[in-house]
Amino acid sequence: MHILVINGPNLNMLGIREPHIYGSNTYEALCSLILDYAAEKGVEIELFQSNHEGEIVDAIHEAYRDEVDGIVINPAAYTHTSVAILDALKAVAIPAVEVHISDVSQREPFRQISYAGMACEKAFIGLGFDGYLRAIDYLISK
Ligand code: DQA
């Protein structure tokens, strides 16, 4: 099984950005956590982070060409704005799971809509880094 994990804008700043919301662990720590977990589960993982909407769209298209089995995506701020990422997920029709580190349901009104989520089978929200591991578990168990 081959899973692509996509992280959107500012998630490369984990550990520095708003630690009271996102915690003090870094993006590199998140990557290690995911890779170690995937190795334990015998899953092949590709990690992708970008601050640019079009690059995320391109990565989703590439997942189709690479015959990826599942996508875990935290589109970060693009969650709430990007019809392009929603359309890309719909275009490739690869099983996708939405992850948010913080509990967006308890935050500002503009965070209450998720475009990408409309193309995802499941969401893990407000579980911190553990949400990524639960998303991998979901894709494995399908
Ligand atoms: C986030 C929540 C988004 O609203 C925010 O823009 C982010 C991170 C999260 O993981 O909690 O950048 O996706």
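Please read these numbers as outputs of a predicted model, since none were measured by experiment. Note that these values count all heavy atoms, side chains included, but never hydrogens, waters or copies made by symmetry. Ligands are counted one by one from 1 in listed order, and the atoms in each one are counted from 1 as well.
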- Query: Step by step, would you call D103 with R107 a salt bridge (charged side-chain N to carboxylate O under 4.0 Å, His left out)?
  - Reply: CA-CA 7 Å; D103 185 357; R107 298 182 65 191; over 6 Å; no
Give the residue and atom name of whichever protein heavy atom lies nearest to [atom], and the separation in Å to one decimal.
atom	value
atom 5 (C) of ligand 1	R111 NH1, 3.3 Å
atom 9 (C) of ligand 1	I101 N, 3.4 Å
atom 11 (O) of ligand 1	S102 OG, 2.6 Å
atom 1 (C) of ligand 1	H100 ND1, 3.7 Å

- Item | Member of L47, V43, V5 meeting the side-chain contact (heavy atoms from CB on, under 4.5 Å) criterion with L35 | L47
Side chain, backbone, both or neither: the part of [X] lying under 4.0 Å from ligand 1 by heavy atom:
X	result
R17	side chain
I21	neither
N74	side chain

- Without swapping roles, check the side chain of D66 against the backbone of V68 for a donor-acceptor pair under 3.5 Å. no
- For Y115 and D87, indicate whether the former's side chain and the latter's backbone hold a donor-acceptor pair under 3.5 Å. no
- Find out if a path of hydrophobic residues (ILVMFWY) with successive side-chain heavy-atom gaps under 4.5 Å connects L30 to I136. yes
- Message: Within the 4.0 Å heavy-atom shell around H80, which atoms of ligand 1 are there?
- Response: 3 (C), 4 (O)
- Query: With atoms numbered from 1 as shown, which atoms in ligand 1 lie under 4.0 angstrom from a non-hydrogen atom of V104?
  - Reply: 2 (C), 4 (O)
- Query: Mind checking whether Y22 has a heavy atom under 4.0 Å from ligand 1?
  - Reply: yes
- Task: Working to the nearest 0.5 Å, report the span between CG of L139 and NZ of K41.
- Result: 12.5 Å
- Message: What I want to check is whether the side chains of E98 and H100 have a donor and an acceptor closer together than 3.5 Å.
- Response: yes
